[in-house]
Number of protein chains: 4
Amino acid sequence: MAETTDTRGTGGVAADQLRSLIERIERLEEEKKERADDIRDVYLEAKSNGFDTAVMRQVVKLRKQDSAERQEQEAILDLYLHALGMAPDAGERA
Amino acid sequence: MAETTDTRGTGGVAADQLRSLIERIERLEEEKKERADDIRDVYLEAKSNGFDTAVMRQVVKLRKQDSAERQEQEAILDLYLHALGMAPDAGERA
Amino acid sequence: MAETTDTRGTGGVAADQLRSLIERIERLEEEKKERADDIRDVYLEAKSNGFDTAVMRQVVKLRKQDSAERQEQEAILDLYLHALGMAPDAGERA
Amino acid sequence: MAETTDTRGTGGVAADQLRSLIERIERLEEEKKERADDIRDVYLEAKSNGFDTAVMRQVVKLRKQDSAERQEQEAILDLYLHALGMAPDAGERA
DNA sequence: TCGCCTGATAGTTGCC
DNA sequence: GGCAACTATCAGGCGA
């Protein structure tokens, strides 16, 4: 734990490091928000072109679920293989 | 001590009603927690019988996803039908 | 130790046991969800009667905290009683 | 005929447009997720360097609030300036 | 445009 | 002690 008291005086090394981390996070959150706004804009554009955004959202959600489910399938396969001692790279190879 | 303390005057009836609502919620939350505890117990029982609970949780999750996806499929079908003005009982259009 | 590698062959005992456990879990989760839905309904009913559900949720939370503290007090009391050899029922509990 | 996937007569153009919109959305959501993952990574890095991430999240939140308040102040100022016919054409934002 | 509702996100708790 | 699931809170989108 960093009760390092490295903060000799004000603005120690830890403080600088912390400031840097915070700023990186803030920059990333800003970019994340930009993407969210862009997505919102695309939906607005779609709506203004006569598309049903509810349907579109459903489509996007469904396609996301499909890929998520595929991931799950792979995860559970791995788990089975491990449970059966047949993991690909588990070192255990009878 | 359950006399009509505050029930006279303004807000009395509302107070009784509120109390009733709160108690119903609390009872339901209690029951919900009981179920959660039961689930936890089943997993513990499974583990004590040599089953891999991680695999089990994954299985449960996957089966839940399957049914959720089926629901989504139906939802999107409904949306399409609506978007095409072919909804089962909704011929009304603004 | 229970040997669950009984899964060799077609539908071993372990497989049946696993299926049973999974189904119990799913039933319990279903019931848990029903309670959650009921709670939601009560809040909706409250809202339709003019109550502020945010305030209600706060109340429920506070009362839960209170009860938690009370239980903690009881736990401490039990501890003392045990330490004094005055526990109501020693040990056996299902 | 250059556009083979264009099923004219059955909303082909719209279909292409819809596909394009969906793909733009999915790409943006992907990028959004990348940023979220990056943020998560920075917090992990911070933690591995001994920082308390809960505190850091609090700091980020507070700074976001501060900036929101500052922007509100600027908005009010703009409003006043407009009301006075003194709105700047293109103001620089720090 | 306002209020409702659903989905996203941050915090909390329990498990490993 | 770290990590993941769950829960509660909050904001954005939709309908009236």
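Naming convention: chains lettered A, B, ... in sequence-line order (proteins, then strands); numbering from 1 in each chain. Any value given below was found using the heavy atoms of this structure, including those in side chains, with hydrogens, waters and symmetry copies removed. The model shown is predicted, which means the values in this text are computed figures rather than measured ones.
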Rounded to whole angstroms, how far apart are NZ on D/Lys61 and P on E/dT9?
15 Å
Round to the nearest Å and state the distance from C/Tyr43 atom OH to E/dT6 atom P.
17 Å
Does a salt bridge link C/Arg24 with B/Glu45, judged by any charged N lying under 4.0 Å from a carboxylate O?
yes
Rounded to whole Å, the CD-P distance (A/Glu29 to F/dA11) equals 14 Å
When you compare the protein's N or O atoms with those of nucleotides 13-16 of chain F, which come within less than 3.5 Å of each other, and at what distance?
from, atom 1, to, atom 2, distance (Å)
F/dC14, OP1, A/Thr53, OG1, 2.7
F/dC14, OP2, A/Lys47, NZ, 3.3

Salt-bridge present (D/Glu34, A/Arg35; N to O < 4.0 Å):
no
Any chance you could measure B/Leu77, atom CG, to B/His82, atom NE2, to the nearest 0.5 Å?
10.5 Å
Rounding to a whole Å, what distance do you find between A/Leu62:CG and E/dG7:P?
13 Å
Is it true that atom CZ of B/Arg27 has more than 12 heavy atoms of other residues, nucleotides or ligands lying nearer than 6.0 Å?
yes
Nearest of E/dA8, E/dA10, F/dT7 to any side-chain atom of B/Lys32?
F/dT7
Of A/Gln58 and D/Lys64, the one whose closest nucleotide on DNA chain E sits nearer the 5' end is A/Gln58
Any Lys/Arg nitrogen of B/Lys33 or B/Asp37 sitting under 4.0 Å from an Asp/Glu carboxylate oxygen of the other?
yes
Between C1' on F/dC6 and CD1 on B/Ile39, what's the gap in Å once rounded to a whole number?
12 Å
Could you pull out all residues at least two apart from A/Arg40 that satisfy side chain to side chain donor-acceptor pair (under 3.5 Å)?
none
